[in-house]
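Comments concern the structure below.
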Amino acid sequence: MSHGILGLGGGLVLNSSMKTGTDGANRLGHGNHQNGNGTKHQNGSGGNGVGTNREVVARWRVPMHGKIYEIEFEHGTASGKRVLWIDKEEIFRRDWMFKLVGEDTFKLDDKRCIIRVDPLPGFKYCYSLFVDGKSYEQFTESQAKALKTWEINLKDNFYRIVLEKNTLNIYVNGKLIEESGEFVDGGTETTFIEDGNRFVLSARTSGNKREGIVHSLEVNGATVGDSASSNSDENGDNGDAQ
């Protein structure tokens, strides 16, 4: 397997140039290790991270309520500095900490999250993310089952449509829409308009107990395929880096 500078929870770390994995996350190459359980390993030298004077050691992409949150964690292994970024916004900063390992707690929407720093042999550290009491992998796997996602490019507009199957809430680019479904033969249809484009999200019984309800989306009368069965963003890899 391969090595990489920046780990993204639940995925393979790929060698050399930046590449997008099946969890929709970018990865950079050379030098450190990540395993498939939502953790990232780094040696004690600290690393250069992303951006000027930043020491980003781990990055995760968390699907929640129709959005994808990008979480970045800085850890200065000399000073003990810890900085949390969510969608490029600094959430907290601790510039000097005597203890280099431990936990930091924060909220993501209504979910309690924990980033845990654990020591490894040879002055290395392991970074793990937990969301709502679940490991990163467990949470993203549960979200992959609970969500149905479509991604559409129409001229100069991009739309990310997310259906929460348990609540039937529909999000357009992270914003909850207010339209209600109407009963039709075999199920329901929800119609909404965005930038003059007509979207129709259908939910119909499949007639198969195993398959259950089938959800489909039409835009301006054309059927849209789901976003790689909702796995491109909602679900992470389960590989091991060596």
Between Asp109 and Lys67, does a salt bridge (Lys or Arg N to Asp or Glu O under 4.0 Å) hold up when you go through it step by step?
CA-CA 10 Å; Asp109 274 357; Lys67 301 178 183 178; 5.1 Å; no

Connected via hydrophobic side-chain network under 4.5 Å: Ile177 and Leu201:
yes

Do Phe73 and Val83 land in one hydrophobic cluster if side-chain heavy atoms of ILVMFWY residues count as linked below 4.5 Å?
no

Should Leu129 and Phe139 be marked as a side chain to side chain contact (heavy atoms under 4.5 Å, CB included) after you check the CA-CA gap, both sets of side-chain angles, and the distance that decides it?
CA-CA 10 Å; Leu129 175 66; Phe139 184 80; over 6 Å; no

Does Lys88 come within less than 4.0 Å of Glu72, counting only side-chain N to carboxylate O?
yes

By salt bridge (Lys or Arg N to Asp or Glu O under 4.0 Å) - contacts of Asp87 (at least two apart):
none

Applying side chain to side chain contact (heavy atoms under 4.5 Å, CB included), can you list everything that pairs with Leu100, at least two apart in sequence or on another chain?
His75, Tyr125

Look at atom CZ of Phe158 and say whether more than 12 heavy atoms of other residues, nucleotides or ligands are closer to it than 6.0 Å.
yes

Roughly how far, to the nearest 0.5 Å, is the SG atom of Cys113 from the CG atom of Asp132?
8.0 Å

Could you tell me whether Arg112 atom CZ has more than 12 heavy atoms of other residues or ligands within 6.0 Å of it?
no

Could you go step by step and tell me if Tyr159 and Asp195 meet the side chain to side chain contact (heavy atoms under 4.5 Å, CB included) rule?
CA-CA 10 Å; Tyr159 303 97; Asp195 303 313; 2.6 Å; yes

Do other residues, nucleotides or ligands put more than 12 heavy atoms under 6.0 Å from Lys175 NZ?
no

Could you walk me through whether Arg94 and Asp104 pass the side chain to side chain contact (heavy atoms under 4.5 Å, CB included) check?
CA-CA 11 Å; Arg94 300 182 179 95; Asp104 287 290; 2.4 Å; yes

Verify, without hydrogens or angle tests, whether Gln143 (side chain) and Pro63 (backbone) share a donor-acceptor contact under 3.5 angstrom.
yes

Trace of the side chain to side chain contact (heavy atoms under 4.5 Å, CB included) decision for Lys165 with Lys145
CA-CA 9 Å; Lys165 297 178 185 177; Lys145 295 176 182 177; over 6 Å; no

Decide yes or no for Ile68 and Arg160: does some side-chain heavy atom of the first lie under 4.5 Å from some side-chain heavy atom of the second?
yes

All heavy atoms of Asp95 vs all of Ser79, minimum pair found to be O-OG, 3.7 Å

Distance from Glu189 atom CD to Phe199 atom CZ, nearest 0.5 Å?
15.0 Å

Any donor and acceptor pair, going by atom type alone, linking the side chain of Tyr127 with main-chain N or O of Glu74 inside 3.5 Å?
no

Members sharing Ile114's hydrophobic cluster, built from side-chain contacts under 4.5 Å between Ile, Leu, Val, Met, Phe, Trp and Tyr, are Phe130

